[in-house]
Participant: 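Have a look at the structure that comes next, please.
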Amino acid sequence: MLNQKRRKNVRNVAIIAHVDHGKTTLVDALLKQTGAYKFKDGETTIMDSNPLEKERGITIFSKNASFLYKGVQFNIIDTPGHADFGSEVERILKMVDGVLLLVDAFEGPMPQTKFVLKKSLELHLKPILVINKIDRSSIQPHEVTDRTFDLFCELNATDEQLDFPIIFASGKDGTATLDLEEKGKDMKPILDTILHRVLPPVADPKKPFQMLITMLEYDSYVGRISIGRIFHGKIRNGEQMTLVKTDGTIKEGKVTKILKYQGLKRVEVDSAEAGDIVSIAGIDGVKVGETLASIDNPQALPKIKIDEPTISMVFSNNTSPLAGKDGGRFLTSRHIRERLEREALTNVGIKIEKIAGTEKVKVSGRGELHLSILIETMRREGYELEVSSPQVILIKMDGETLEPAEEVLVEVDQEYQGAVIKALGLRKADMKDIQITSIGTIRMNFIISTRNVIGFRSEFLMMTRGTGIIYQNFYRYQKYKGEVPRRKSSVQISMNNGKAVAYGLFGLQERGEIFINPGDDVYEGMIIGVNNKGNDLVVNTLRGKKLTNTRAARSDDAVTLVPPREITLEFALEFIEDDELVEITPKNIRLRKRYLTKNERKSKKRVSE
C-alpha cells in the first residue's frame, strides 16, 4: 500500500449522515467558502435540486460538487441519509477515500447514522466526525461525541479509524472550529482537516485505463452517460474503450464526451486521469457496476455489493372507471413497464420482474420510502397506475424462513410511553434500549419485523398527537414471527358512480373517518372512508336530501362535515390490505377494492375459502 502512487492534488470525500442532520446545508457553506457557487438571496440547500427533495427536505439522489482549495481539487459527494436509498450510498462510497460523518449536536447518532457509518468502515475509509448545529441552544456535544465513539466501537472500527478528528460546526452559519472554547469564523477547519487527514486517491496514470461505473444518467442528445471514478490510467476524447460487463463479456465503443465537475456544473474536457470523478458519453449498453477499460487490457474492477431488496409491490395500469380522466399521459401497461425498465438501469436498488400471464410488474426495493419516491416521480411525469399493498420478501436459509427486521427508534413525551410500548408489543417488537433525554422525553429502541411495522407510522402519529418522532432502518434478517393483523378498522365502500353529495357524507361520518370531499368523483368499489365497527360496509355517497313541501323543525339546518383526511401516498400504502389497491394519477390518490363490485368480492372470497 505504501508503494502505491497517489495523486496529491485531489481529495475525494463523501458526506454521510442521518436524515436532517444538515449534510446539504454544510455543502452550501463549503461552496460559499470556496466561491464555487454564487448563491442568490434566500437560496439554500442548492444540492437538493430535485423537486421531491426540496419538498421533503431530504436527500434522495447522490450529487457531486467540485472546488479548489489551496491548489487541491476537492470532489464532494452529498449522499442520501435514509437507509431505503442504501444502494445510492453503497455505490458512492466506492468513489471516495474519506467521509465526513455529520452528527446532530443534540440528537447524536441515530439509526441511519449507524447504517451509513457501517458501510464506510467496511470499505476502510478515513472518517472525520463533524458535530453539526452547534448554533442551537440545547446541545450536548461532549455526550454526542462519546456516543458516536461507542458506535464506532460497536461497528468494530479499527484503531486507525477510531483515531478520528472531531470538528464542531454550524452549517447554517457557515462556521467550524476544532475547539468549542473558540468561536468558529469560517469553514476552513473542515477543509484543512480533509486536506491533511483524507488520503489522496491511489492513482497511477501509467497503468491501463480502468473506471468503475457507479451512476448512470441519460441525455437525449448524447445518450447514456457513465459516471464514476477513474482508478487507473488516462482517457482522451475520441478514444476507443472496452466495456467489461458483469457477466464477463466485452463490448467496444468510442468516447464522444468527457465531463468534469466545476462547482455544481459539468464542463467538457479533452482528457482525464486516475483519481478524477468524471462523466463519459458514447458507450452504449452500460450498467451500474460494470467497468470501462482500455482495449489493450480489458480487465474488470471488483463488483459493487448492493444489499438485496426487502419489500415488493405489484404495479399495473389504472383500471378504475376514472382512468384517463385526471390528466394522465401514460396509461397503458406498456408505458409503465418501459418506465420501470429505464428506472432499473440507473436505480440499482430496484428490481423488476414481469408476472407471468398478466400485464402486471412486480417491483422490489429497499423499503416503503424507496418505492413511494419512485411512484411519486412517475405520477409527476404523467403516469397513471395501480399498486398493491407492500409485501416483505422472505428468504430461506438452512431450512428456516427468515424475514427482514427493522431497528425502530421512537422519541415521545413521557405520557405516551406506555401506549407506544403496548402498540409495538402487539406487533411483536423487542425493546433494545430505553433512555431519558436531556429535555425529558423518552427515547426507545426496538427491533421489529419489517412486515409488522408497515402501517405503524400513521398509528404512532395519531397516538402521540403528532408530537412523536420515529425513525426506522433495516437491521437484519430474523426468524419469521408469524402473522400480525395490520389494520383494526374496516372500510366504507362506494356502491355507485357519480359525485359525492354532502348530505350523503354527513350520514356516514359518524361511522368513521371520511377520505373524500363533497363533489369528488366516486365509483363503485372505491374506498371513501373508515368503518370503525363491523365488516366492510357498502354505502351510498350520492344520497341527497328528499324534498317535501313541508318544513319541519331543524330539517333545513346546514350540513356540517368534519374535514376529511388528506390521502398521501405514504398513508395509502400503509393503510391498504391485500384485497385493496392504491389508484395513482397526476391529480389524485384514491383507495379502492381490488374487485369493484360486491358480487365479485363475494365470489372471490368463496373461492379463497
Side-chain angles (χ1 to χ4, degrees), residues 8-18 20-37 39 44-48 59 62-79 81 92-93 95-109 113 116-117 120 125-136 139 141-142 144-145 148-149 152 161 163-201 261 263-264 277:
K8 296 183 179 179
N9 64 341
V10 173
R11 297 293 186 278
N12 295 322
V13 183
I15 299 186
I16 60 176
H18 180 80
D20 201 33
H21 277 199
K23 297 185 307 301
T24 310
T25 305
L26 191 85
V27 174
D28 284 354
L30 294 175
L31 292 171
K32 286 179 183 176
Q33 177 75 49
T34 57
Y37 182 82
F39 285 79
T44 59
T45 58
I46 191 63
M47 293 281 273
D48 283 347
T59 301
S62 299
K63 287 169 286 293
N64 301 5
S66 180
F67 51 78
L68 286 174
Y69 179 70
K70 293 185 177 180
V72 176
Q73 180 180 329
F74 283 56
N75 293 315
I76 302 287
I77 306 177
D78 186 14
T79 64
I92 296 317
L93 293 180
M95 299 167 64
V96 300
D97 302 287
V99 292
L100 285 182
L101 174 66
L102 258 70
V103 178
D104 187 289
F106 171 70
E107 289 188 343
T113 312
V116 291
L117 178 60
S120 62
L125 299 175
K126 291 290 185 70
I128 297 170
L129 176 62
V130 180
I131 306 296
N132 197 28
K133 302 187 181 182
I134 61 167
D135 54 293
R136 298 193 303 180
I139 60 172
H142 298 299
V144 166
T145 302
T148 307
F149 185 84
F152 272 76
Q161 288 171 328
D163 184 28
F164 52 83
I166 303 169
I167 305 168
F168 304 95
S170 168
K172 181 181 176 183
D173 295 339
T175 60
T177 179
L178 299 175
D179 187 349
L180 272 176
E181 302 299 321
E182 297 179 13
K183 189 172 181 180
K185 300 176 181 177
D186 50 34
M187 300 300 285
K188 288 183 180 178
I190 291 181
L191 295 169
D192 288 331
T193 304
I194 293 173
L195 197 60
H196 296 113
R197 296 298 292 261
V198 175
L199 291 173
Y261 279 91
L264 296 178
I277 294 175

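None of the values given here were measured: they were computed from a predicted structure.
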Participant: Can you check whether L26's main-chain N or O pairs, donor with acceptor, with N132's side chain at less than 3.5 Å?
Facilitator: no
Participant: Is the shortest heavy-atom distance from the side chain of I139 to the side chain of D104 under 4.5 Å?
Facilitator: no
Participant: For residues K133 and F106, determine if any side-chain heavy atom of one lies less than 4.5 Å from a side-chain heavy atom of the other.
Facilitator: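 They are not in contact (no side-chain heavy atoms under 4.5 Å apart), so the answer is no.
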Participant: Evaluate the side-chain proximity of V144 to E107: yes if any heavy-atom separation is below 4.5 Å, no if none is.
Facilitator: no
Participant: To check you understand the geometry: which heavy-atom pair defines the closest contact between G174 and A29, and what is its length?
Facilitator: CA-CB, 3.8 Å
Participant: For N75, give me all partners under side-chain hydrogen bond (donor to acceptor under 3.5 Å, both in side chains), at least two apart in sequence or on another chain.
Facilitator: N12, S66, Q73
Participant: Could you go through V99 and I15, starting from their C-alpha distance and side-chain angles, then the distance that decides it, and tell me whether this counts as side chain to side chain contact (heavy atoms under 4.5 Å, CB included)?
Facilitator: CA-CA 6 Å; V99 292; I15 299 186; over 6 Å; no
Participant: Between A176 and P189, what is the shortest heavy-atom contact and its length?
Facilitator: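 In this case the closest contact between A176 and P189 is O-CG, 3.3 Å.
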Participant: Report the residues that fulfil ring-ring contact (aromatic ring centres under 6.0 Å, His included) with F164, sequence neighbours left out, ordered by chain and then residue number.
Facilitator: F152
Participant: Please enumerate all residues that pass salt bridge (Lys or Arg N to Asp or Glu O under 4.0 Å) together with D163, with sequence neighbours excluded.
Facilitator: R197
Participant: Among I190, I76, I16, find the residue that satisfies the side-chain contact (heavy atoms from CB on, under 4.5 Å) test when tested with L100.
Facilitator: I190
Participant: Would you indicate whether the side-chain heavy atoms of L93 and L125 approach each other to under 4.5 Å?
Facilitator: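 SC-SC contact between L125 and L93 confirmed.
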Participant: Could you work out, with salt bridge (Lys or Arg N to Asp or Glu O under 4.0 Å) as the rule, every residue matching K126, not counting sequence neighbours?
Facilitator: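 With neighbours one apart ignored, the set is E160.
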Participant: Less than 4.5 Å apart, any side-chain heavy atom of I128 and any of V198?
Facilitator: yes
Participant: Mind jotting down which residue pairs meet the side chain to side chain donor-acceptor pair (under 3.5 Å) criterion with at least one end in residues 170-185? Sequence neighbours excluded, please.
Facilitator: D135-S170, S170-D173
Participant: Could you point out which residue of V103, T193, L102, I166 forms a side-chain contact (heavy atoms from CB on, under 4.5 Å) with V130?
Facilitator: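 That would be L102; it is the only one of V103, T193, L102, I166 passing the side-chain contact (heavy atoms from CB on, under 4.5 Å) with V130.
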Participant: Can you find a heavy atom in the side chain of I167 that is under 4.5 Å from one in the side chain of I131?
Facilitator: no
Participant: Treating R11 as the side-chain partner and L195 as the backbone partner, does any N or O pair qualify as donor plus acceptor under 3.5 Å?
Facilitator: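 Flag set: sc R11 to bb L195 pair under 3.5 Å.
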Participant: L180: which residues meet the side chain to side chain contact (heavy atoms under 4.5 Å, CB included) condition with it, sequence neighbours left out?
Facilitator: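 Side chain to side chain contact (heavy atoms under 4.5 Å, CB included) check on L180 returns I134, P141, H142, F168.
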Participant: Carefully, step by step, assess F67 and L31 under the rule side chain to side chain contact (heavy atoms under 4.5 Å, CB included).
Facilitator: CA-CA 7 Å; F67 51 78; L31 292 171; 4.0 Å; yes
